[in-house]
2 protein chains.
Amino acid sequence: MKYVTIKDIAKALNVAVSTVSRAFNDKYDIKPETRDRILKKATEMGYRPNPIARKLVQQRSFNIGIIIPEFENSFFPQVIMGAQEVLHQHNYQVLIMQSNESVDLEIQNAKTLVDNMVDGLIISLSGVGDNLSYYKELTEKKMPLVFFNRVPENIETSKVVFDDYKWAFFATEHLIHQGFEDILFISGANELILSKNRRKGYDDAHKKHRIPAGKKITCGFSMKDGAEIAEKLISKNNIPRAILAANDACAIGMMRVFKDSGFKIPEDIAIVGFSETKMAAHISPTLTSVEQPTYEIGKAAAQLLLEQLQNKGIHIPQTIVLNGRLNVRESSVVLS
Amino acid sequence: MKYVTIKDIAKALNVAVSTVSRAFNDKYDIKPETRDRILKKATEMGYRPNPIARKLVQQRSFNIGIIIPEFENSFFPQVIMGAQEVLHQHNYQVLIMQSNESVDLEIQNAKTLVDNMVDGLIISLSGVGDNLSYYKELTEKKMPLVFFNRVPENIETSKVVFDDYKWAFFATEHLIHQGFEDILFISGANELILSKNRRKGYDDAHKKHRIPAGKKITCGFSMKDGAEIAEKLISKNNIPRAILAANDACAIGMMRVFKDSGFKIPEDIAIVGFSETKMAAHISPTLTSVEQPTYEIGKAAAQLLLEQLQNKGIHIPQTIVLNGRLNVRESSVVLS
DNA sequence: AACGTTTTCAGAAACGTTTCCGAAAATAAT
DNA sequence: ATTATTTTCGGAAACGTTTCTGAAAACGTT
């Protein structure tokens with residue numbers, strides 16, 4: 001690849017490179033007509049500014065990195081689209097990296113992005129481990145950071161979260177209203193705030209209705225994880241009456257195993273999922289799920305990041321809590 | 001952000017920057033003990049090489065750009081994961097951009113990636129328009145390029161495609177075997193080779209069984225597109241006995257509209273999807289679909305790109321055709 | 001001990017920009 | 001017409017690397 005540079009234009013027009021540079025960037029300090037002359041020649045020669053060189057001298061890139069654990073469920077892609085929309089409006093380009101639910105790959109991704117001088121990072125954790133200390137280091141070095149969805153507990157930075165407490169509470173209450181008392185609670189990694197909050201919602205719903213809380217299990221966020229848990233439950237013959245799952249993928253994984261083993265949903269086991277993937281409304285039976293405002297999560301994260309980018313230096317960590325909705329469908333309703 | 005540079009190390013150790021650089025890159029030309037001394041100091045100081053500076057001087061980045069039309073269906077994410085796997089093995093980082101099914105955004109993405117000096121590009125088209133002339137330009141400038149899935153017709157470069165002819169043929173034949181004669185064919189944009197091939201497969205299956213071919217419609221690849229087509233068919237009261245859809249999302253969009261309007265699937269309308277998303281096995285009724293080897297598509301694309309990267313200069317365009325499978329499920333089978 | 005080789009390193013140029021400084025040119029003020 | 005002010009531009013340094021050239025140091029050979 002041969003690129004047209006600022007020097008080529010300067011030579012062609014017999015002006016200094018600094019003048020050409022100014023033609024593109026300065027608002028004053030250059031005569032309008034020479035600016036036009038340069039701009040015209042530039043498009044004529046097919047010039048495109050080299051962002052690499054610019055990054056090097058300006059020490060900033062107008063790039064934002066987004067790191068997500070996976071993108072097989074539509075949840076994260078939707079968040080990204082929300083973030084992309086507001087970031088594009090402010091002339092930031094978005095670089096997406098995917099860490100495959102691996103903490104190690106996540107750190108590696110973060111480091112690559114930082115090495116490439118992204119101006120900020122939007123992250124959803126794959127898990128909790130060494131990564132946190134690295135992120136702490138980054139915040140100390142004033143790298144703008146926003147976490148969403150799967151956020152860490154002890155890092156002082158902006159976060160966008162869902163009101164997990166409230167909706168776990170409502171989802172649990174919904175199951176209780178259906179007459180189920182033995183409700184299995186399944187959540188993601190314990191270190192995630194999200195898990196803690198949902199657990200509390202689950203517990204408080206039980207307290208409110210004076211029912212002893214049921215069993216709790218931690219689990220991953222994929223179909224496979226759900227399937228494994230279901231198999232374990234079946235082999236131990238330890239079948240709950242209802243399940244509040246970590247997310248839809250997990251719920252669907254469990255449903256498949258249960259159905260294959262002859263259990264009827266919701267007649268034998270009722271299930272509620274979390275974070276509403278597109279599948280929920282289409283699988284059979286349709287899956288009751290807590291719907292999250294994915295698009296808005298992305299937008300909010302982007303806006304928090306932009307704030308940090310603008311008043312750089314001082315940054316007051318904010319946490320935006322977004323609301324949701326419980327979509328009641330077949331998987332959790334028994335007609336009596 | 002304050003970065004530790006090669007200069008800092010040089011100063012700390014009282015050597016020249018070139019020596020430090022050599023410590024990291026050269027195999028000889030440096031005394032092992034000074035190399036060790038430098039390497040030790042470097043990790044001690046937390047040095048990380050600045051890829052931006054390196055890109056600038058080497059005119060290459062070890063970055064590969066992947067551009068996809070959308071990532072709400074799991075198809076493209078899976079392809080990416082396949083590509084990522086082999087690219088990572090060869091020390092390439094992957095930058096993903098998403099063009100939202102917009103040709104304009106796709107060009108913009110491609111240009112950003114090129115400006116950022118990616119060493120190569122893996123692309124699936126959002127559509128056909130001005131983008132093709134830009135890609136032609138790129139190939140003329142020797143930018144390594146690989147298209148997959150939605151590939152253009154007149155560009156001389158490597159491609160990874162699915163055997164659309166064959167599987168459209170089989171899928172059509174499957175419907176004919178079920179006793180359906182009025183089969184509606186739905187494909188993506190006409191300019192895509194994929195559409196042309198499927199159409200031929202569809203036609204030839206009809207010829208083989210001496211049945212006149214049915215109607216053909218072109219359509220987008222999203223649920224919404226499918227839903228719109230279905231609504232149009234219903235309003236015109238022009239309901240086919242069976243449908244071969246452009247992809248699963250399109251099929252599912254149609255199914256929803258038909259079901260909501262009281263049609264029974266497959267009793268009133270049989271449907272076959274394409275490219276097997278995860279949903280196919282989970283929706284109700286389960287969807288017959290042509291399964292594509294997504295992961296392998298990604299791997300193959302990455303390998304073709306690596307080939308171009310290695311023997312740069314001469315590049316013999318190859319087209320890899322991958323095979324698939326027809327997963328027959330409820331949506332296309334009527335028990336007689 | 002004198003010379004030729006090889007090994008090891010320092011110095012400087014280069015990549016494509018931006019930006020600082022100061023000089024020339026144009027304009028305004030006297 | 002002279003000086004002061006502003007506008008417009010050229011030159012050079014800088015960003016953090018790699019890479020080329022050549023010199024010094026170490027070694028071997030006679």
Side-chain angles (χ1 to χ4, degrees), chain A residues 1-39 41-42 45-63 91 93 111-112 114-119, chain B residues 1-39 41-42 45-63 91 93 111-112 114-119:
Chain A
M1 285 284 307
K2 183 68 197 138
Y3 300 91
V4 178
T5 78
I6 221 175
K7 286 185 191 172
D8 300 326
I9 303 176
K11 207 175 293 169
L13 252 40
N14 214 23
V15 295
V17 289
S18 53
T19 310
V20 180
S21 173
R22 245 170 322 203
F24 288 104
N25 304 308
D26 274 5
K27 306 157 211 326
Y28 52 98
D29 234 42
I30 187 167
K31 190 155 51 172
E33 54 183 278
T34 62
R35 193 219 320 278
D36 295 344
R37 208 157 52 97
I38 291 173
L39 260 36
K41 191 75 179 178
M45 295 175 71
Y47 168 76
R48 306 206 83 223
N50 183 328
I52 307 265
R54 184 183 286 157
K55 280 186 217 187
L56 191 58
V57 39
Q58 295 195 143
Q59 302 281 59
R60 66 176 304 185
S61 64
F62 275 96
N63 287 161
N91 288 323
Q93 292 287 347
K111 288 188 176 171
T112 324
V114 170
D115 289 345
N116 278 282
M117 294 187 171
V118 291
D119 296 340
Chain B
M1 286 284 306
K2 184 68 197 142
Y3 300 91
V4 179
T5 77
I6 221 177
K7 286 185 190 171
D8 300 326
I9 303 177
K11 208 175 293 170
L13 252 40
N14 214 21
V15 295
V17 290
S18 55
T19 310
V20 179
S21 174
R22 244 163 321 162
F24 288 104
N25 304 310
D26 274 4
K27 304 155 208 332
Y28 52 100
D29 234 40
I30 187 167
K31 191 155 53 172
E33 54 183 278
T34 63
R35 193 218 321 278
D36 295 345
R37 209 157 52 96
I38 290 173
L39 260 36
K41 192 74 180 179
M45 294 174 72
Y47 168 76
R48 309 206 81 225
N50 183 329
I52 307 266
R54 184 182 287 158
K55 280 185 217 188
L56 192 57
V57 40
Q58 297 196 142
Q59 301 282 60
R60 66 178 302 186
S61 64
F62 274 97
N63 287 162
N91 289 323
Q93 292 288 346
K111 288 188 176 171
T112 325
V114 170
D115 290 344
N116 278 282
M117 294 187 171
V118 291
D119 296 341

Round to a whole Å and report the spacing from CD1 of A:I38 to P of D:dT8. 13 Å
With a cut-off of less than 4.0 Å, is there a side-chain N or O of B:N50 near OP1 or OP2 of D:dT17? no
Any N or O donor-acceptor pair linking the side chain of B:R48 to the base of D:dG16 at under 3.5 Å? no
For B:Y3 and A:V114, run side chain to side chain contact (heavy atoms under 4.5 Å, CB included): C-alpha distance rounded to whole Å, both residues' side-chain angles, the deciding distance at 0.1 Å, then the answer. CA-CA 10 Å; B:Y3 300 91; A:V114 170; 4.3 Å; yes
Check whether the side chain of A:D29 and the base of D:dC9 form a donor-acceptor pair under 3.5 Å. yes
Any A:Q59 side-chain nitrogen or oxygen under 4.0 Å from OP1 or OP2 of D:dG16: yes
The reported gap from CG in B:L13 to CG in B:D8 (rounded to nearest 0.5 angstrom) is 11.5 Å
Using heavy atoms to find the nearest nucleotide of DNA chain D for B:N25 and B:K7 separately, return the residue whose nucleotide is more 5′. B:K7
Among the candidates C:dA12, C:dT17, C:dC15, find the nucleotide nearest to the side-chain atoms of B:S18. C:dA12
Whole angstroms only, please: what is the CD1-P distance between B:I30 and D:dA24? 20 Å
Check the distance between C:dT18's P and A:K55's NZ and give it to me in whole angstrom. 14 Å
Determine: side-chain N/O of A:Y47 to OP1/OP2 of C:dT17, distance under 4.0 Å, yes or no. yes
Closest nucleotide among C:dT18, C:dG16, D:dT17 to the B:I6 side chain: D:dT17
Taking the nucleotide of DNA chain C with the nearest heavy atom to each, does B:L56 or B:R35 sit closer to the 5' end? B:R35
Side chain of B:Q58: nearest nucleotide among D:dT18, C:dT17, C:dC9? D:dT18
Using whole Å, what does the distance between atom C1' of nucleotide C:dT18 and atom CD1 of A:I52 come to? 16 Å
Name the nucleic acid region contacted by B:T5, choosing base, sugar-phosphate or nothing; use a 4.0 angstrom heavy-atom cut-off, strictly under. sugar-phosphate
Scan every strand shown for a Watson-Crick or G-U wobble partner of D:dT30, both distances under 3.5 Å, and answer none if you come up empty. C:dA1
Taking it one step at a time, do B:I38 and B:I9 satisfy side chain to side chain contact (heavy atoms under 4.5 Å, CB included)? CA-CA 7 Å; B:I38 290 173; B:I9 303 177; 4.3 Å; yes
The answer to which of B:T19 and A:K31 contacts DNA chain D further toward the 5' end, by nearest nucleotide, is A:K31
Does B:R37 use its side chain to pair, donor to acceptor, with the backbone of B:E33 at less than 3.5 Å? no
Just how far, in rounded Å, is C1' of D:dT21 from CZ of B:R22? 11 Å
To the nearest angstrom, how far is A:I9 atom CD1 from C:dT17 atom C1'? 12 Å
Would you check if the side chain of B:N63 reaches a backbone N or O of B:V118 as a donor-acceptor pair within less than 3.5 Å? no
Would you say B:K55 and A:N116 are linked by a side-chain donor-acceptor pair, where the criterion is simply a distance under 3.5 Å? yes
For A:K27 and D:dT7, give me the distance from atom NZ to atom P, rounded to whole Å. 16 Å
Measure from CD on B:E33 to P on C:dT8 and round the result to the nearest Å. 9 Å
Looking only at side-chain N and O atoms, does A:S21 come under 4.0 Å of OP1 or OP2 in C:dT19? no
